[in-house]
Amino acid sequence: MSVPQYRPARLFVTAKQRSFAPVIAGTPELPVIDWSAVGQAAPTLVGASGSGLPTADVVVITWADAEWAAMQHVFCASSVAMPYSDRNTGSWSGWTKYAVGIPSTNKVSGWSFWGEWRLVEIGGKQVLLWKSNTHLDFPGQSQLTAMMQMLLKEVKPGLVVSIGTAGGAMVGDHVGTVRAVSAGTMYEKGKAQGSWPEYANGWSAAGTMLDKAGFGSLLMPVPTTEGDLQGLVTQFNSYYGSSYSIFDLDPDGLASGDTQPKIFDETGGGLSLLTTPTFVVGTTAGTYGTYACIEMDDAVLGDVCKAAGVAFGFVRNVSDPVQSAALPAEVQGSWGSAVYDAYGFYTSFNGALAAWAALVAAG
């Protein structure tokens, strides 16, 4: 089994922290999406020519390979089921790498393009899908800021939406919970939490399919089973030489997905997610429990968009719930990584669907 190319640094205490590729037995395909069940049509692929980026009404950004696979399925290829093995796919037909304007000086080794893009139409809106190759943890904040500035300049969107996996912050959120917000706070190590900068705006998904009764019928419960979770524990203990039980690693049962995935539309309000460039996890003690979730890029995007007067929102799925406060930090991160790797493909499917729904007016 291949290892995902991009792992969130928020799960690793040190750069040398080891990780393993977990194996689960229950790996159903992402289903064909019956858009007609909610009175809608699938997104339409739009061709684009030229060496530059096309203009679009909306930019939707995602980050890791499993998230990209889910985006590809929901926005580009929903008429065909997608197997679990596609979660680590590093390229998709129809996507174009974009490197125009990459700084010619002080280039970072191993980083040669901003990201990859594809254009679709959703509800009469042109939507540029963007798989970022530029992150807060690599190559760094200045490059991520430059990427967002470039996208605003070239694409001229009225709205930017970032989607993808996140760590849990709310103690009750099971794996697969989706939270949509319109604010991001930047974690600053060594400074009082109340002083951390927040970037908020008034974008709201009210009146869209996200809040329409019946939208939940499109969602897929995260296929966690007792046997697979016990298997993860066995693999975890074997790899790390430990002897934890499932009750030690997951005392509140949050690694088990809800029978019906929960979607929270908290856009237009005061709730913010937390962006961190380093190891930070929420715990069962309520650490960072005032935030929607924890991820690694969005507050930077919010800063740039707010300065430019462009609306923005974040639709994040909980791929690794809060961790046991009783465990050492390294164990928290390693267990979170195992859950993330096993189920991030499925949680991202529901997150991508929620992002689609937030762009479509309810009929």
Side-chain angles (χ1 to χ4, degrees), residues 4 6-13 17 19 61-64 66-67 132 135-138 141 144 162-200 250 252 254-255 262 264 266-267 270-303 312-325 327 329-341 343-344 347-348 350-351 354:
Y6 175 70
R7 291 170 179 269
R10 62 179 172 77
L11 290 172
F12 295 105
V13 178
Q17 187 173 339
S19 58
I61 304 174
T62 203
W63 309 89
E67 302 164 0
S132 184
H135 306 269
L136 180 56
D137 66 322
F138 180 83
Q141 184 167 346
L144 180 58
S162 174
I163 71 175
T165 53
M170 301 282 188
V171 173
D173 282 357
H174 286 246
V175 66
T177 299
V178 178
R179 290 190 177 270
V181 298
S182 48
T185 296
M186 179 61 75
Y187 174 92
E188 293 189 342
K189 187 175 182 178
K191 295 186 179 181
Q193 186 169 326
S195 70
W196 295 345
E198 180 186 76
Y199 306 99
D250 184 28
D252 292 345
L254 300 178
K262 292 184 172 64
F264 294 94
E266 293 152 317
T267 59
L271 186 64
S272 176
L273 57 68
L274 182 63
T275 296
T276 171
T278 187
F279 175 80
V280 170
V281 297
T283 73
T284 52
T287 312
Y288 311 116
T290 58
Y291 297 99
C293 57
I294 302 168
E295 57 75 55
M296 293 203 63
D297 296 287
D298 289 349
V300 177
L301 307 192
D303 184 11
F312 58 93
F314 312 128
V315 182
R316 289 286 181 166
N317 64 84
V318 176
S319 54
D320 45 293
V322 296
Q323 300 298 308
S324 171
L327 295 174
E330 186 167 322
V331 175
Q332 293 173 357
S334 297
W335 174 248
S337 179
V339 175
Y340 171 98
D341 286 347
Y343 297 108
T347 67
S348 294
N350 292 330

Seminar exercise, completed: Sequence neighbours excluded, the answer for ring-ring contact (aromatic ring centres under 6.0 Å, His included) partners of Tyr343 is none
Seminar exercise, completed: Sequence neighbours excluded, the answer for side chain to side chain donor-acceptor pair (under 3.5 Å) partners of Thr62 is Glu67
Problem set entry | side chain to side chain contact (heavy atoms under 4.5 Å, CB included) against Gln193, all qualifying residues, sequence neighbours excluded | Trp196, Tyr288, Thr290, Tyr291
Problem set entry | Residues forming a side chain to side chain contact (heavy atoms under 4.5 Å, CB included) with Ser324, sequence neighbours excluded | Pro251, Ala326, Leu327
Problem set entry | side chain to side chain contact (heavy atoms under 4.5 Å, CB included) partners for Thr278, two or more places apart | Tyr187, Thr276, Val280
Exercise. Mind checking what makes side chain to side chain donor-acceptor pair (under 3.5 Å) contact with Thr283, not counting sequence neighbours?
Worked result: Thr287
Exercise. Who are the side chain to side chain donor-acceptor pair (under 3.5 Å) partners of Thr347, not counting sequence neighbours?
Worked result: Asn317
Seminar exercise, completed: Applying salt bridge (charged side-chain N to carboxylate O under 4.0 Å, His left out) to Asp173 and not counting sequence neighbours gives Arg179
Seminar exercise, completed: The salt bridge (charged side-chain N to carboxylate O under 4.0 Å, His left out) partners of Glu188 (sequence neighbours excluded) come to Lys191
Exercise. Any sub-3.5 Å donor-acceptor pair from Thr267's side-chain atoms to Ser182's backbone N or O?
Worked result: no
Problem set entry | Non-neighbouring partners of Glu295 that pass side chain to side chain contact (heavy atoms under 4.5 Å, CB included), sequence neighbours left out | Ala166, Leu273, Thr275, Asp297, Asp298, Arg316
Problem set entry | side chain to side chain donor-acceptor pair (under 3.5 Å) partners for Ser272, two or more places apart | Thr185
